[in-house]
Amino acid sequence: MWENYDLAIIGGGPAGLASAIRAWKMGVESIVLLEESNFLGGVLPQCIHPGFGLHYFREDLTGPEFAAKLLDQLKSTGVNVLSGSYAEHLEVKSGGEKEISGYMYGRAFKVKCKAAICAAGCRERSRFEVNILGDRPVGVYTAGEAQTLMDMYGVLPGSEIVVVGSGDVGLIMARRFALEGADVKAVVEVMPYPGGLTRNIIQCLEDFHIPLYLSCMVTEIKGSRRVEGVKIVRVDEKLNPIHGSENFLKCNAVILAVGLKPRVELLAKAGALIDEATGGPVVNDWLETTIPGVFAAGNVLVINDLVDYAAEQGERAAESAAKLIHEGFPTFKFKRVVLGRNVRLIVPHLISCAQDVTFYGRVGKPEENVQVRFEEISRAFKLPIARPSEMFRFKISADDLLKMRDEKIMVNVVKV
Amino acid sequence: MSPIVKDDQVLEFTCIVCPMGCRLRATLKDGKVCSVEGNRCPRGIVYAQNEVEPKRILISVVKVSGGNLPVVSVKTSEPMPKEMMPEAMRILSNVTVQAPIKIGQIIIRDFLGLKINVIATRNVDPVQPS
């Protein structure tokens, strides 16, 4: 069975919802939203802490409240939501039409569309991706799993907890466990600086006197049935374990907050070029991947710090898709964005110079009082504190970009 | 941890209103904040004033009976004193509410006599009779 749409959106999280709403407002009337789980909102419903929406809604909201606001807006659209639909395969036909096929509650489905937006989000890295060996007892969870347990079902994952990795979800869950009465033994971070936002170090760890072990690595999980503890070792500047610094920390649960990876399998299989730095697809300033008419937004594009940015990218992708559906795209000559000094990643990767562009990026190492310089157009933005954990976001106008004569634009982070 | 307040003292802390994480320097006089430096927006000043007597929004979950989820996420309608959090958590752990619950619904009115409410942050539908 084929269903024909103008636009198919893969993923019903913040980026997918924002793009569905925006595309409808732009006059795209035939939209399908494919969501693999049986609820919308993605990770938002389980993120019950505040701090969402300060940019996007100009309000301080919890995750479920942010999702509810988007769902309210979705209700007044004619977007066809297919929940329980896992999109497995995307193929571009000779006329440029896209076919998306997959499974819906165990049955095959197929949709055809003129444009597609991939907002498939990201997944959490597992213990084996960070070389934590040892036993496989009960009590090892990713931070997201622990969050689902704790904040959707009210189940505390353990009474003595070690959190591995100091990313934001890890810090936020450390606070939740402490509030619920668990003894959070430590947050262990391999890098010499924390992985999460400064405000989360303060309000999640310092407020609750939870120790943060920097330059330390959990190498092994011990336990026959239940987790009994972890082996911790200090690391040197090259992240190599320091011999003789091994320590054992008793605990009955290990929570892994060791990074997120964009879920690019669908795009990669369809032939989209993947950027090693972001782990997401290479996109131009329309947020179009290297597959014409297939756009990307949210954490599948780049791991964002803020849901506000994911939603903003969703809108951007929707505006591009609407333009493609209504008028078609002219042929652009794209210019390349080149990573310079202390720039770990940046999106978009290619610039048409035909419109204003919002750049999202991260530095490679922490620095103070720096400038992010877009060399060829002589634009610079001040960054008093630059940390890999804090994404920078700058908007550059089409007028400025048009000044560019070169084939590339170099971005450098330099000391002022 | 509450900073110890002394007159003409300079307190340094990190603003947590937004992800920018500004480093604030607040100068105190008569136990009150008289000047703030390092803030990139006016919210930093308000934050510094609040930080002398630290307050936070409390979030947690409370038990639900007859719902499609066993707990509902809640928050305090306003920030509350940090040192009252353990007591607040004890009270919340003994509360059970009946489904259906609507987002924004008041779960506890005038919580701990602080003139703030505990409100639901999600909908919980009643469980479908099978």
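Below, read A as the first sequence line, B as the second, and so on, with proteins coming before strands; counting in each chain starts at 1.
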Name of the residue among B:Ile57, B:Thr121, B:Thr76 meeting side-chain contact (heavy atoms from CB on, under 4.5 Å) with A:Pro50: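 Checked B:Ile57, B:Thr121, B:Thr76 against A:Pro50; only one passes side-chain contact (heavy atoms from CB on, under 4.5 Å): B:Ile57.
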
Which atoms of [X] approach chain B - backbone, side chain, both or neither, heavy atom under 4.5 Å:
{"X": "A:Glu65", "answer": "both"}
{"X": "A:Leu197", "answer": "side chain"}
{"X": "A:Asn200", "answer": "neither"}

Which portion of [X] sits near chain A, non-hydrogen atoms under 4.5 angstrom:
{"X": "B:Ser60", "value": "both"}
{"X": "B:Leu58", "value": "side chain"}
{"X": "B:Arg40", "value": "side chain"}

Can you see which heavy atom on [X] is nearest to which on [Y], and at what distance?
{"X": "A:Pro64", "Y": "B:Ile103", "value": "O-CD1, 4.1 Å"}
{"X": "B:Val17", "Y": "A:Leu54", "value": "O-CD1, 3.5 Å"}
{"X": "B:Gly21", "Y": "A:Ile385", "value": "O-CD1, 4.4 Å"}

I'd like to know whether B:Val61 forms a side-chain contact (heavy atoms from CB on, under 4.5 Å) with A:Met152, so could you lay out the CA-CA distance, the side-chain angles of the two residues, the decisive distance to 0.1 Å, and finally the verdict. CA-CA 8 Å; B:Val61 292; A:Met152 299 298 287; over 6 Å; no

Chain B interface, residue from A:Gln46, A:Arg176, A:His49 that has the most non-hydrogen pairs under 4.5 Å: A:Arg176

Most chain B-contacting option - heavy-atom pairs closer than 4.5 Å, from A:Leu179, A:Asp305, A:Ile201: A:Leu179

Between chain A and each of B:Arg90, B:Arg23, B:Met85, count heavy-atom pairs under 4.5 Å; write down the option with the most. B:Arg23

